[in-house]
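Working notes, structure below.
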Amino acid sequence: SSSSSSSNVTMPDDARLLNNWSEPISTRKAFCDLARLTIPIVSGAFLNVGADRVSLSFVGHWDYKDITHYDGASIGKMYSNITGLSLGVAATIGLATFASQAYGCGLSRELNPIYFRRCLLLLLGCYAFAFTSAVIAHPLLVMLGQPPAVAKTSALYAQVQLIGVPFFWLTSSVTMLLNATKRTKPGLLMSIVSSIAQLLFCGLLTDPKIG
């Protein structure tokens with residue numbers, strides 16, 4: 001009875017495709033398939049990191065005579081990354097594993113929405129911690145020995161960056177879900193748009209003529 005019941009089990013399309021794969025794959029084709037998936041992911045990460053670093057160069061445009069802006073950008077950047085940005089990124093790394101397993105079983109459509117909702121709950125907790133850390137950044141940095149002027153600019157930098165942190169977390173989560181289903185180009189497109197927007201707004205908001 002057990003053999004008859006197992007034979008009646010219907011396999012999802014993706015799993016059936018993998019189960020029936022009997023043709024050998026050439027090294028060239030395997031490399032091309034891997035490159036087709038990897039290049040958009042690596043390019044998107046390069047754009048995100050590159051735009052993030054280039055945006056620091058706009059600090060001197062605001063008031064180059066006040067060196068606390070430079071100190072605040074460097075310390076505030078590290079503070080914000082440790083207490084905010086990196087928390088959400090680290091919390092969503094496991095999403096790629098679960099989404100990949102769901103894709104291998106042919107259950108992406110059923111399971112990915114569940115994973116995404118649970119990810120949002122986790123990110124909500126991370127944002128609560130990041131928000132609290134940004135609010136107390138000024139007195140905390142002063143307590144840790146930073147000069148008051150540097151602590152103030154560092155706190156302001158962390159608080160401004162906090163505005164965009166949840167959007168970066170959301171796009172990272174969606175990108176991970178798409179990458180797990182071998183859809184890597186939408187994530188690259190989001191990285192291109194967000195990088196251009198980041199540099200554009202940095203240039204506009206730090207322009208002394210506009211300020």
Exercise: identify the closest heavy-atom pair between Ser154 and Gly72: OG-CA, 3.3 Å
Pairs where residues 35-46 contributes a residue and the test side chain to side chain donor-acceptor pair (under 3.5 Å) is met, not counting sequence neighbours: Asp33-Arg36
Shortest non-hydrogen contact between Ser194 and Ser191, atoms and distance: OG-O, 3.1 Å
Side chain to side chain contact (heavy atoms under 4.5 Å, CB included) between Val174 and Phe116, intermediate numbers included: CA-CA 8 Å; Val174 174; Phe116 185 66; 4.0 Å; yes
Of all pairs that satisfy ring-ring contact (aromatic ring centres under 6.0 Å, His included), the ones with a partner from residues 79-102, not counting sequence neighbours: Phe98-Tyr115
Path from Trp169 to Leu162 over hydrophobic side-chain contacts below 4.5 Å: yes
Exercise answer: donor-acceptor pairs, residues 126-150 side-chain atoms, under 3.5 Å, sequence neighbours excluded:
from: Thr132; atom 1: OG1; to: Ala128; atom 2: O; distance (Å): 2.9
from: Ser133; atom 1: OG; to: Phe129; atom 2: O; distance (Å): 2.9

Side chain to side chain contact (heavy atoms under 4.5 Å, CB included) evaluation trace for Cys105 with Gln101: CA-CA 6 Å; Cys105 296; Gln101 292 175 346; 5.6 Å; no
Pairs touching residues 117-146 that satisfy salt bridge (charged side-chain N to carboxylate O under 4.0 Å, His left out), sequence neighbours left out: none
ILVMFWY cluster membership beyond Leu47 - transitive side-chain contacts under 4.5 angstrom: Leu188, Ile192, Ile196
Joint hydrophobic cluster, Leu95 plus Leu170, side-chain heavy atoms closer than 4.5 Å: yes
Pairing residues for Thr92 by the side chain to side chain donor-acceptor pair (under 3.5 Å) criterion, not counting sequence neighbours: none
Shortest non-hydrogen contact from Ala51 toward Gln198: O-NE2, 3.7 Å
Distance (rounded to the nearest 0.5 Å) between Asn48 CG and Arg53 CZ: 10.5 Å
Straight-line distance of Ser55 OG to Phe201 CZ, nearest 0.5 Å: 14.0 Å
Pairwise distance CD1(Ile75) to OG(Ser80) - rounded to 0.5 angstrom: 13.5 Å
Counterpart residues, side chain to side chain donor-acceptor pair (under 3.5 Å), relative to Arg109 (two or more places apart): none
Spacing of CG belonging to Leu178 relative to CG belonging to Asn112, to within rounding of 0.5 Å: 9.0 Å
Closest non-hydrogen atom pair, Phe168 against Thr171: O-OG1, 2.9 Å
Inter- and intrachain pairs under salt bridge (charged side-chain N to carboxylate O under 4.0 Å, His left out), touching residues 174-184, at least two apart: none
Single-linkage hydrophobic cluster, 4.5 Å side-chain cutoff, Leu120 and Leu111 together: yes
Heavy-atom pair of closest approach, residues Leu177 and Ala99: CD2-CB, 3.8 Å
For the student: nearest non-hydrogen atoms of Thr184 and Leu37, plus distance: CG2-O, 3.4 Å
Pairs involving residues 76-88, ordered by first then second residue, that meet salt bridge (charged side-chain N to carboxylate O under 4.0 Å, His left out) (sequence neighbours left out): Asp52-Lys77
Residues forming a side-chain contact (heavy atoms from CB on, under 4.5 Å) with Ser100, sequence neighbours excluded: Ala180
